[in-house]
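This report concerns only the one structure given below.
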Protein chains: 2
Amino acid sequence: MADTARPARTSQRRYGLRPTMKDVAARAGVGLKTVSRVVNGEPGVTPDTERRVQEAITALGFRRNDSARILRKGRTASIGLVLEDLADPFYAPLSRAVEEVARAHGALLINGSSAEDGERERELVLALCARRVDGLVIIPAGDDHRYLEPEISAGIATVFVDRPAARIEADAVLSDSFTGAREGVAHLIAHGHRRIGFIGDLPRIHTAAERLRGYRAAMEEAGLPVDGSWVALGPTDPARVRADAERMLAGRGSAGGPVTALLTGNNRVTVTAVRVLAGLERRVALVGFDDFELADLLTPPVTVIAQEPALLGRRAGELLFRRLEGAGEAPRRVVLPTRLIPRGSGEIPPYS
Amino acid sequence: MADTARPARTSQRRYGLRPTMKDVAARAGVGLKTVSRVVNGEPGVTPDTERRVQEAITALGFRRNDSARILRKGRTASIGLVLEDLADPFYAPLSRAVEEVARAHGALLINGSSAEDGERERELVLALCARRVDGLVIIPAGDDHRYLEPEISAGIATVFVDRPAARIEADAVLSDSFTGAREGVAHLIAHGHRRIGFIGDLPRIHTAAERLRGYRAAMEEAGLPVDGSWVALGPTDPARVRADAERMLAGRGSAGGPVTALLTGNNRVTVTAVRVLAGLERRVALVGFDDFELADLLTPPVTVIAQEPALLGRRAGELLFRRLEGAGEAPRRVVLPTRLIPRGSGEIPPYS
DNA sequence: CCTATTTCTGACAACGTTGTCCACTCCATT
DNA sequence: AATGGAGTGGACAACGTTGTCAGAAATAGG
């Protein structure tokens with residue numbers, strides 16, 4: 001009687017209808033739980049029974065439905081990663097490193113790109129929370145993460161990378177942007193520059209603000225004034241960066257003439273700046289934040305302040321899983337050093 | 001009585017215990033299904049009732065558990081992407097494009113890197129199948145995908161990208177590697193080269209084999225012999241590529257002397273080749289498969305056979321969702337053209 | 001004022017798995 | 001022969017949601 005409710009599917013596999021443990025149990029002539037035991041390698045099953053179950057499994061093409069398992073167990077064995085753009089050469093290795101850590105812990109990675117849009121970040125994060133990911137790694141775009149508080153206190157471990165969380169206390173793994181920028185500018189100053197421009201990312205982004213602070217600190221420590229026209233923050237789209245670079249290099253509207261050196265705030269900006277400088281007669285010094293592939297083969301090779309994106313990702317992943325394993329300490333902030341790699345472009349003297 | 005079975009949690013939120021619709025219903029004084037209706041924006045709820053439910057939802061910090069929803073509905077609204085390495089500059093934009101398509105269809109993307117290991121690919125894919133992703137986009141590493149047959153016939157839509165599936169019929173979105181390589185080599189021949197080397201990826205990888213075929217075709221069409229030492233296939237790790245490049249350029253063991261031009265089989269190989277050539281006195285012509293950032297700013301600028309990774313990803317995603325929407329046509333193979341971009345390195349004459 | 005219709009609401013049973021708990025078999029002890 | 005204890009196997013109830021269906025309330029029509 002009950003059979004009429006659902007089409008028979010005990011022995012035949014039909015399109016879109018997958019066999020369940022119940023089907024396997026029926027076919028093997030055992031109980032439901034015994035199938036579960038075999039599938040999960042639990043003890044207490046006779047070799048003979050196990051064999052019968054295995055046969056039924058392969059015959060039916062059974063594969064455990066993890067959705068049901070997840071619902072029952074409460075753990076999803078997956079973590080979410082939300083970042084600005086998966087395709088950015090800085091974030092791609094970071095993402096890969098998080099994936100490796102997840103894999104080592106048997107978890108899958110679900111990721112989403114926020115496109116530097118706070119609202120989209122929020123949507124993504126909440127969608128991941130609804131799926132009950134065990135943990136979240138976030139490179140935040142938004143400027144208010146209080147929306148995450150209920151989720152975190154409900155048990156979703158959360159680690160921020162590259163930039164800290166806004167308006168909440170949470171774990172964060174960061175690079176020392178301030179010191180990196182300061183060293184970069186000091187390097188230019190040491191090579192004789194006095195008019196140095198800084199082209200950075202949107203000012204609301206923490207790293208951009210920190211790097212600007214580092215720039216100002218280095219200038220101040222050297223007793224150099226900073227003309228307002230030497231600082232340009234904004235989106236990293238090439239047109240805007242190009243315009244700002246050209247303006248600074250022309251020295252229009254700036255007090256003491258055009259800049260003789262540039263500090264660029266991230267790899268996207270650096271690449272555009274390299275293009276601008278390549279079109280110039282005179283040689284302008286350049287120090288770029290973030291190392292990038294082939295930087296050493298350009299003419300001149302590009303001096304950079306290198307971060308280690310893969311290490312950022314790895315640390316974030318490790319911190320996340322430590323949390324998941326129950327470490328209930330206060331939120332921690334890990335700061336990784338940057339490394340100045342002189343290659344040539346930063347050692348060009350003024351007006352050469 | 002039943003209450004003793006489970007700790008009371010109707011009104012208080014406790015760490016790790018999330019409120020359910022039942023809790024919301026109890027608090028709002030309505031039935032379970034009414035909460036479900038409100039949460040899903042289904043019609044048939046009085047504004048007043050809706051308000052009460054909404055209040056309960058915010059008061060308790062309720063968020064729907066998508067695991068349960070997925071189990072019930074049978075659709076996960078997520079697709080899986082398995083590729084070689086998320087951090088590879090060729091695959092990163094491809095992945096991003098797939099993500100965009102998924103997003104447009106309200107789906108999340110779960111991805112995993114196979115590290116060019118067939119077994120790891122299989123594990124990943126099956127893990128994704130166990131999660132009942134709605135569809136899969138695969139850049140295959142393995143050489144036998146029959147293990148996917150039961151999954152596909154059980155309804156998991158599958159699209160292969162960049163390389164076709166092995167031993168099964170399945171949708172695939174590819175670049176025209178053969179024609180690309182042939183044009184690249186023809187370009188070098190047109191500039192006077194007769195001894196041209198090819199450094200490619202592992203021969204079991206479809207694109208590597210196709211590009212080799214294109215190389216041979218072009219040589220043959222020009223009536224040029226191919227010395228065995230001019231072809232080197234293998235893993236893309238820099239040391240091996242460097243060794244092969246140096247061997248070809250030295251011309252040890254080759255019939256007619258060292259090669260005067262190189263065709264490189266993908267962006268990883270090209271980058272290493274560029275480094276090798278940069279250390280040389282004489283100038284060697286180079287055409288590289290895959291465009292890469294800054295190729296135009298190197299000295300000399302690098303001539304490439306460009307693919308469009310983002311387009312590959314987008315097409316694959318679109319094809320996948322068309323399948324999911326029920327198009328039951330035969331498996332289709334989409335082949336995208338490549339584009340030769342002359343920039344300088346490919347136009348260097350022999351012995352310059 | 002009563003019935004017929006429409007709206008709104010809630011009980012209940014799935015979805016496919018795992019955890020708990022009890023029953024049974026088989027053998028080695030008393 | 002009765003008892004105890006492993007070692008197996010299976011019934012049943014969760015997990016939190018959604019679909020079905022029927023009942024209750026409200027409205028309209030006579």
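Computed from a prediction, not measured in an experiment: that's the story for all the values here. To find a chain, count down the sequence lines: A is the first, B the second, and so on, and within it residues start at 1.
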Dump every N/O contact between nucleotides 4-8 of chain D and the protein below 3.5 Å, one line per pair.
{"from": "D:dT8", "atom 1": "O3'", "to": "A:Thr46", "atom 2": "OG1", "distance (Å)": "2.9"}

(request) Using atom CZ of B:Arg52 as one end and atom C1' of C:dC8 as the other, report the distance to the nearest whole Å. (result) 12 Å

(request) Using a strict 4.0 Å threshold on nitrogen-to-oxygen distance, state whether B:Arg146 and B:Glu169 make a salt bridge. (result) no

(request) Mind calculating the distance between CG (B:Leu32) and P (D:dT20) to the nearest angstrom? (result) 16 Å

(message) Check B:Asp66 with A:Arg132, please: is the shortest side-chain N to carboxylate O separation under 4.0 Å?
(response) no

(message) Short of 4.0 Å, heavy atom to strand atom, which residues of residues 126-134 of chain A count as contacting DNA chain C?
(response) none

(request) Return the value, rounded to whole Å, for the distance between atom NZ of A:Lys22 and atom C1' of D:dA11. (result) 13 Å

(message) Among residues at least two apart in sequence or on other chains, which ones pass side-chain hydrogen bond (donor to acceptor under 3.5 Å, both in side chains) with B:Arg37?
(response) none

(message) Taking ring-ring contact (aromatic ring centres under 6.0 Å, His included) as the cut-off, I'd like each qualifying pair that reaches into residues 101-132 of chain B, sequence neighbours left out, listed once.
(response) B:His105-B:Phe321

(message) Among residues at least two apart in sequence or on other chains, which ones pass salt bridge (Lys or Arg N to Asp or Glu O under 4.0 Å) with A:Glu151?
(response) B:Arg18, B:Arg63

(request) Please name the pair of heavy atoms, one in A:Tyr147 and one in A:Glu121, separated by the smallest distance, quoted to 0.1 Å. (result) OH-OE2, 2.8 Å

(request) For A:Arg314, enumerate each residue passing the salt bridge (Lys or Arg N to Asp or Glu O under 4.0 Å) test, keeping only those at least two apart in sequence or located in another chain. (result) A:Glu318

(request) Report yes if some heavy atom in the side chain of A:Arg75 is under 4.5 Å from a heavy atom in the side chain of A:Ile70; otherwise report no. (result) no

(message) Could you tell me how far apart A:Arg18 (CZ) and C:dG16 (P) are, to the nearest whole angstrom?
(response) 11 Å

(message) From CG of A:Asn65 over to C1' of C:dT18, roughly how many Å is that when rounded to an integer?
(response) 13 Å

(request) Measure from the side chain of B:Thr34, starting at C-beta and using heavy atoms only, and say which of C:dG10, D:dG10, D:dT18 lies closest. (result) C:dG10

(message) Quick test of your reading of the model: are B:Arg122 and B:Glu119 salt-bridged, counting only N-O distances below 4.0 Å?
(response) yes

(request) Not counting sequence neighbours, which residues clear side-chain hydrogen bond (donor to acceptor under 3.5 Å, both in side chains) with A:Glu99? List them please. (result) B:Ser113

(request) Output, in order, the C-alpha distance, side-chain angles, deciding distance and verdict of side chain to side chain donor-acceptor pair (under 3.5 Å) for A:Arg64 and A:Asn40. (result) CA-CA 10 Å; A:Arg64 179 176 65 197; A:Asn40 294 295; 2.5 Å; yes

(request) Enumerate the residues from residues 69-79 of chain A whose closest heavy atom to DNA chain C is under 4.0 Å, giving them by residue number; use none for an empty result. (result) A:Arg69, A:Arg72, A:Lys73

(request) Using the test salt bridge (Lys or Arg N to Asp or Glu O under 4.0 Å), find all partners of B:Asp162 that sit at least two apart in sequence or belong to another chain. (result) none

(request) Only counting residues at least two apart or in another chain, list the ones meeting salt bridge (Lys or Arg N to Asp or Glu O under 4.0 Å) with A:Arg52. (result) A:Asp48

(request) Starting at the 5' end of nucleotides 21-26 of chain C, put B wherever the base has a protein heavy atom under 4.0 Å, S where only the sugar-phosphate does, and a dash everywhere else. (result) ------

(request) Go through C:dG19, C:dT17, D:dT17 for me and flag the one nearest to the A:Lys33 side chain. (result) C:dG19

(request) With axes from five pairs an end, tell me the bend angle of the helix from C:dC1-D:dG30 to C:dT30-D:dA1, nearest 10°. (result) 60°

